[in-house]
Student: 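Let me give you the structure first, and then I'll get to my questions.
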Amino acid sequence: WNWGEYISNGEDGTLDVNEEFTKRTGIKVNYQVYQTNEELYTMMKMDSSNMDVVIPSDYMIGKMINEGMLEKLNFDNIPNYKYIDPEFQNLEYDPTNEYSVPYTWGTVGIFYNTTMVDEEDVKDLSWDLLWNEKYAGKILMFDNPRDAFAIAQSKLGISMNTTDEEELQLAAEELKKQKPLLQAYVMDQIFDKMASGEAAIAPYYAGDGIIMMEENEDIAFGVPKEGANRFVDAICIPKGTQNKDAAEAYINFLCETDIAVANAETIGYSTPHT
C-alpha cells in the first residue's frame with residue numbers, strides 16, 4: 001500500500017517498478033493506494049492481514065511502533081540498506097532503526113497560480129497567504145491533521161512539535177478562522193484543481209510541484225518565510241504479515257540504485273539513496 005502518484009509505473013516511458021520486481025523475483029505485486037496516513041492507520045487497525053508493505057510518514061511510523069503495529073525488519077534480507085544515507089537513519093520516529101527503511105524525503109510549501117495571485121502577496125511569502133480573504137473560494141488546504149496543524153502552528157510562531165494543549169487549541173482556532181475561506185480540503189485532488197486553474201493557492205509537498213508545474217506553467221512554488229518541516233516517508237511491514245520474506249525482498253528491491261533513480265525521476269521527491 002502506497003500513496004497516490006508515488007511510484008514509477010511505466011507511464012510516459014518510465015520504468016514499471018512493480019512489473020520489474022516480478023520479472024526479477026517471480027513475485028506478483030498487488031498494489032493499492034491511500035490518500036492520508038490516517039486512512040492507512042484506520043485500515044491497518046481494522047485488518048492488516050492483506051498488507052505486506054506500507055509507506056507511512058515519519059510521525060505515523062512512530063505512532064505505529066508505539067502501538068505494536070509493525071514488524072521488526074531482518075536487515076540480512078535488505079543488504080541494499082547500505083545505500084541509505086546515514087542522515088536518514090536512526091531518526092526520531094524510529095530511533096533504534098529496526099522498523100523502517102526511508103523511501104523519500106521532502107518539504108512542504110505553497111503553490112500558487114501566478115495569473116491569479118497578485119505579485120505583492122507572494123513577494124515576502126508567508127503562511128498568511130492561506131488566510132488571505134482576497135482569495136476566498138480559491139484556497140485549498142491539507143485534508144490531514146498533522147500538516148494542517150503544522151501550518152497553523154508555524155503561522156502563529158508555535159513549534160510544529162508542540163505538545164502544549166493551549167498552543168494546540170490556538171492552532172485549532174486559527175484553522176477554524178480559515179475554513180470559510182477554503183474551496184476544499186484536499187490531498188491528491190490538488191493535481192486537478194491547481195493544474196486546471198480551478199484553485200489559486202494550496203499548500204502541498206514540494207515533490208509534487210514538478211508534476212503540477214509541468215501541467216501548468218503558471219504555477220509557482222515557494223517555502224514561506226516562517227519555514228516548513230522536513231518529512232520522511234519510509235517503508236514498513238505491518239505486524240502479522242504472511243509474506244515477510246517477500247516483503248523484505250521488495251524493500252531491498254526499492255533500494256536498488258536503478259529502481260531508486262527511476263522512482264525519484266518519476267515522482268519528483270528527494271531520495272535518501274546515496
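Numbering starts at 1 and runs along the sequence shown.
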Student: Treating Ile, Leu, Val, Met, Phe, Trp and Tyr as nodes and any side-chain heavy-atom pair under 4.5 angstrom as an edge, say whether Leu91 and Val108 lie in one connected cluster.
Tutor: yes
Student: Angle between ring planes, Tyr6 versus Tyr269, binned at 30° and 60°: parallel, tilted or perpendicular?
Tutor: perpendicular
Student: Under 4.5 Å between any side-chain heavy atoms of Ile237 and Ile251, yes or no?
Tutor: yes
Student: Taking C-beta and beyond as the side chain, do Ile259 and Leu15 meet within less than 4.5 Å on heavy atoms?
Tutor: yes
Student: Say you draw a straight line from OH of Tyr185 to CZ of Phe142; how long is it, rounded to the nearest 0.5 Å?
Tutor: 13.0 Å
Student: When rounded to the nearest 0.5 angstrom, what is the spacing between NZ in Lys177 and CD in Glu133?
Tutor: 11.0 Å
Student: Out of the candidates Tyr205, Trp105, Tyr93, only one should pair with Phe231 under the ring-ring contact (aromatic ring centres under 6.0 Å, His included) rule; please name it.
Tutor: Tyr205
Student: Residues two or more places apart in sequence or in another chain: which of them pass side-chain hydrogen bond (donor to acceptor under 3.5 Å, both in side chains) with Asp218?
Tutor: none
Student: Return the minimal non-hydrogen interatomic distance between Asp58 and Arg230, and the atom names on each side.
Tutor: OD2-O, 4.1 Å
Student: Does some side-chain heavy atom of Tyr250 sit less than 4.5 Å from a side-chain heavy atom of Asn18?
Tutor: yes
Student: Would you sort out whether Met60 and Leu40 count as a side chain to side chain contact (heavy atoms under 4.5 Å, CB included), showing the intermediate values?
Tutor: CA-CA 9 Å; Met60 186 56 73; Leu40 174 64; 5.8 Å; no
Student: Assess the side chains of Ser126 and Glu226: does a donor N or O sit below 3.5 Å from an acceptor N or O?
Tutor: yes
Student: Begin with the C-alpha distance, continue with both residues' side-chain angles, and end with the deciding distance and a verdict on side-chain hydrogen bond (donor to acceptor under 3.5 Å, both in side chains) for Asn229 and Tyr59.
Tutor: CA-CA 12 Å; Asn229 65 305; Tyr59 74 94; over 6 Å; no
Student: Can you find a pair of side-chain heavy atoms, one from Asn263 and one from Thr271, that are under 4.5 Å apart?
Tutor: no
Student: May I ask whether Tyr31 and Ile267 are part of the same hydrophobic cluster, defined by side-chain heavy atoms of I, L, V, M, F, W, Y residues being less than 4.5 angstrom apart, directly or through others?
Tutor: yes
Student: Which pair of non-hydrogen atoms, one from Arg24 and one from Glu256, has the smallest distance, and what is that distance?
Tutor: NH1-CG, 4.2 Å
Student: Phe191 and Asp208: which non-hydrogen atoms are nearest, and at how many Å?
Tutor: CZ-OD1, 3.0 Å
Student: Report yes if the side chains of Asn90 and Pro95 come closer than 4.5 Å at any heavy-atom pair, otherwise no.
Tutor: no
Student: List the atom of Ile78, the atom of Glu248, and the distance in Å for their closest heavy-atom pair.
Tutor: CG1-O, 3.9 Å
Student: For atom CG of Asp258, decide whether the heavy atoms of other residues, nucleotides or ligands shown that lie under 6.0 angstrom number more than 12.
Tutor: yes
Student: Could you tell me whether the side chain of Asp118 and the main chain of Glu120 form a donor-acceptor pair under 3.5 Å?
Tutor: no
Student: Taking it one step at a time, do Ile201 and Asn132 satisfy side chain to side chain contact (heavy atoms under 4.5 Å, CB included)?
Tutor: CA-CA 10 Å; Ile201 303 165; Asn132 191 322; 5.8 Å; no
Student: Please determine if Lys244 and Glu71 form a salt bridge, counting it only when a charged side-chain N lies under 4.0 Å from a carboxylate O.
Tutor: no
Student: Should Ile55 and Val33 be regarded as members of a common hydrophobic cluster, given that ILVMFWY residues are connected when their side-chain heavy atoms come within less than 4.5 Å of each other, either directly or indirectly?
Tutor: yes
Student: Testing the 3.5 Å rule here: is there a donor-acceptor pair between the side chains of Thr241 and Asn243?
Tutor: no
Student: Please walk me through it: do Phe111 and Leu140 pass side chain to side chain contact (heavy atoms under 4.5 Å, CB included)?
Tutor: CA-CA 10 Å; Phe111 293 92; Leu140 304 175; over 6 Å; no
Student: Does the side-chain hydrogen bond (donor to acceptor under 3.5 Å, both in side chains) test come out yes or no for Ser49 and Asp47, once each step is laid out?
Tutor: CA-CA 6 Å; Ser49 62; Asp47 180 13; 2.6 Å; yes
Student: So which atom in Ala260 and which in His273 form the shortest heavy-atom distance, rounded to 0.1 Å?
Tutor: CB-CD2, 3.5 Å
Student: Picking from Glu39, Glu38, Glu67, what satisfies salt bridge (charged side-chain N to carboxylate O under 4.0 Å, His left out) with Lys45?
Tutor: Glu67
Student: State which residue, out of Trp3, Tyr41, Trp1, fulfils the ring-ring contact (aromatic ring centres under 6.0 Å, His included) condition with Tyr34.
Tutor: Trp3
Student: Distance check, rounded to the nearest 0.5 Å: Gln153 atom CD versus Leu168 atom CG?
Tutor: 5.5 Å
Student: Does a sphere of radius 6.0 Å around CD in Gln32 hold more than 12 heavy atoms from other residues, nucleotides or ligands, not counting ones at 6.0 Å or beyond?
Tutor: yes
Student: Do Met141 and Ile151 come within less than 4.5 Å of each other through their side chains, counting heavy atoms only?
Tutor: yes
Student: Quick one: OG on Ser8 to CG on Asp16, what's the gap to the nearest 0.5 Å?
Tutor: 7.5 Å
Student: Treat each ILVMFWY residue as a node, draw an edge where side-chain heavy atoms are under 4.5 Å apart, and state whether Leu73 and Tyr81 are in one component.
Tutor: yes
Student: So do the side chains of Asp192 and Glu198 get within less than 4.5 Å of each other, counting heavy atoms only?
Tutor: no
Student: Above 12 or not: heavy atoms from other molecules or residues under 6.0 Å from CD of Glu215?
Tutor: yes
Student: Evaluate side chain to side chain contact (heavy atoms under 4.5 Å, CB included) for Asn77 paired with Asn252, printing each intermediate quantity in order.
Tutor: CA-CA 7 Å; Asn77 293 333; Asn252 190 59; over 6 Å; no
Student: Pair Glu173, Gln169 - check side-chain hydrogen bond (donor to acceptor under 3.5 Å, both in side chains), show working.
Tutor: CA-CA 6 Å; Glu173 294 302 322; Gln169 190 59 48; 3.0 Å; yes
Student: Working to the nearest 0.5 angstrom, can you tell me the gap between Thr274 OG1 and Glu87 CD?
Tutor: 12.0 Å
Student: Hey, what do you get for CE (Met69) to CD1 (Ile61), rounding to the nearest 0.5 Å?
Tutor: 12.0 Å
Student: With a 4.5 Å heavy-atom cut-off, do Asn37 and Asn144 have their side chains touching?
Tutor: no
Student: Any donor and acceptor pair, going by atom type alone, linking the side chain of Gln189 with main-chain N or O of Met187 inside 3.5 Å?
Tutor: yes
Student: Looking only at heavy atoms, what is the nearest atom pair of Cys255 and Asn80, with distance?
Tutor: CB-CB, 3.5 Å
Student: Same cluster or not: are Ile110 and Leu156 linked, directly or through other Ile, Leu, Val, Met, Phe, Trp or Tyr residues, by side-chain heavy atoms under 4.5 angstrom apart?
Tutor: no
